[in-house]
Amino acid sequence: MRMTKLFTKTTKEAPQDAESANARLLARAGFVDQHMAGVYSYLPLGLRVLKNIQKIVREEMDAIGGQEVLLPALLSSEPWKKTGRWEDPGPEVMFQFRGAGDRDVGLGWTHEEIITPLMQKFVHSYQDLPVAVYQIQDKFRNELRAKSGILRGREFNMKDLYSFHASVDDLEEYYDKVLEAYLRVFTRCGIRAIPTEASGGSFSKISHEFQMPTESGEDTIFVNEAGDYAWNKEVVPDIKDGDPAPDGSGKVKEMKAVEVGNIFKLKTKYTEAFDMTFTDESGERKPVQMGCYGIGPSRVMGSIVEASHDDAGMIWPKSVAPYPVHLVSITSNDEEMNERVRSVAEGIADDLEKCCGIEVLWDDRSDVSAGEKFADADLIGIPLRLVVSKKTLAEDSAEWRQRGSDETRLIKIEGIREEVEAYVKEE
Ligand code: ATP
Ligand code: MG
């Protein structure tokens with residue numbers, strides 16, 4: 001992608017109400033645009049990051065047997081009236097309105113009420129179980145406060161997985177598998193998310209949240225000494241920093257954190273509401289056991305920015321960066337040299353894309369100073385910056401710099417493809 005073709009532009013001005021780093025930097029770099037509080041458009045660079053996160057989530061859900069579907073977002077009130085959630089939490093969370101024919105409808109904020117009757121049509125006997133189904137879709141929630149950029153949206157992206165089992169044992173086994181898959185998702189996205197005990201709702205003692213420590217988070221957690229398990233303040237209200245851990249594993253450290261995922265053993269909470277049963281081996285009808293598991297890819301995107309930025313801008317992990325390479329060509333007042341710089345840069349971009357499928361964001365603007373180009377590269381935060389200029393060409397080279405490091409070095413033009421390919425592929 002050439003910067004001269006990219007319709008978005010960077011700005012020095014952050015939106016006035018942007019209190020958090022993600023709101024400020026994503027807007028300034030042209031990744032997202034705020035439509036109203038908690039509602040964003042994803043622009044080309046931002047959408048690429050979101051899609052990269054969704055791809056990681058999708059791969060890990062597929063690896064644990066999840067089958068992808070797409071459920072409606074516009075929902076009939078009927079199943080919600082059945083579970084009582086049309087009234088409670090009702091409009092406090094759900095956008096509800098009157099549709100054609102005077103029907104009560106609402107926008108999806110979670111999908112137990114849709115997936116349970118749907119799966120009921122297909123699950124009849126123990127032979128149909130277990131089964132796990134997920135979707136990646138925008139959810140709508142009438143959030144009271146939406147002030148932390150894309151961390152808390154009123155419309156936001158969510159992956160929701162639902163699993164159905166013949167026994168609690170089978171549900172528990174799968175729950176542990178999902179927990180491991182979630183840890184892989186967050187590691188691959190370059191963030192540290194700590195499994196955290198949280199309240200489980202009415203059917204299970206606890207659920208697990210995945211909490212990423214950050215000052216911009218709204219939750220308070222107590223992390224164990226090893227840093228690999230935590231308790232949400234809501235389940236251990238009497239604990240404070242330095243107290244013994246609830247499981248006896250040393251002392252806890254108090255931290256602010258943002259919840260990037262949450263997994264629940266719902267057991268029969270929804271299957272009983274819809275009378276979803278199956279016939280077991282002995283011919284007996286039993287309620288299906290159910291679990292639900294959420295990750296917010298858009299919140300993950302904002303969380304990555306919170307965890308990984310500096311004064312100059314964002315610092316994307318390779319796995320989710322909008323492009324792996326940011327190529328900068330620097331022009332001067334020497335027209336002949338400019339032609340050379342341009343053709344070498346174009347050669348690098350074409351070669352990487354055609355030969356290795358490595359997509360390059362090429363800053364080919366001729367009316368912008370080197371300083372401004374470098375500032376934009378830092379703001380956008382692509383992990384590898386390559387510079388081609390009169391100076392580097394004097395050495396038949398380009399300049400190599402990784403975002404987040406001050407070190408630069410020259411690499412020969414002829415060896416660029418191999419070096420970049422190795423860099424992009426390495427974990
Ligand atoms: P919170 O406590 O932060 O309001 P929640 O517990 O209500 O979140 P869940 O219903 O568990 O959220 O949703 C699953 C996942 O969806 C969350 O772990 C989070 O990653 C994401 N998510 C939830 N609400 C929002 C929101 N308003 N904006 C962006 N992502 C969200
Ligand atoms: Mg939650």
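For ligands, and for the atoms within them, numbers begin at 1 and follow the listed sequence.
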Subset of ligand 1 atoms that lie under 4.0 Å from at least one heavy atom of [X]:
| X | value |
| --- | --- |
| Met158 | 13 (O), 14 (C), 16 (O) |
| Asn262 | 11 (O), 18 (O) |
| Arg141 | 5 (P), 7 (O), 9 (P), 10 (O), 12 (O), 13 (O), 23 (C), 24 (N) |
| Gly153 | 26 (C), 27 (N), 28 (N), 29 (C) |

Heavy-atom contact check, 4.0 Å cutoff: does Leu151 meet ligand 1? yes
Compute the minimum heavy-atom distance from Val260 to ligand 1 and say whether it is under 4.0 Å. yes
Considering only N, O or S atoms, which atom of Glu259 is nearest to the Mg ion (ligand 2)? OE2
Side chains of Asp169 and Ser167: is there a donor and an acceptor less than 3.5 Å apart? no
Answer with yes or no whether the side chains of Tyr270 and Thr83 bring together a donor and an acceptor at under 3.5 Å. no
May I ask you to check if any N/O/S atom from Asn262 comes under 2.8 Å of the Mg ion (ligand 2)? yes
The Mg ion (ligand 2) to nearest N/O/S of Glu209 less than 2.8 Å: no
With a 4.5 Å heavy-atom cut-off, do Cys292 and Asp160 have their side chains touching? no
Does any non-hydrogen side-chain atom of Trp400 lie less than 4.5 Å from one of Ile416? no
Please check if the number of heavy atoms outside Arg285 that lie under 6.0 Å from its CZ is greater than 12. yes
Considering only heavy atoms, does Arg152 approach ligand 1 within less than 4.0 Å through its side chain, its backbone, both, or neither? both
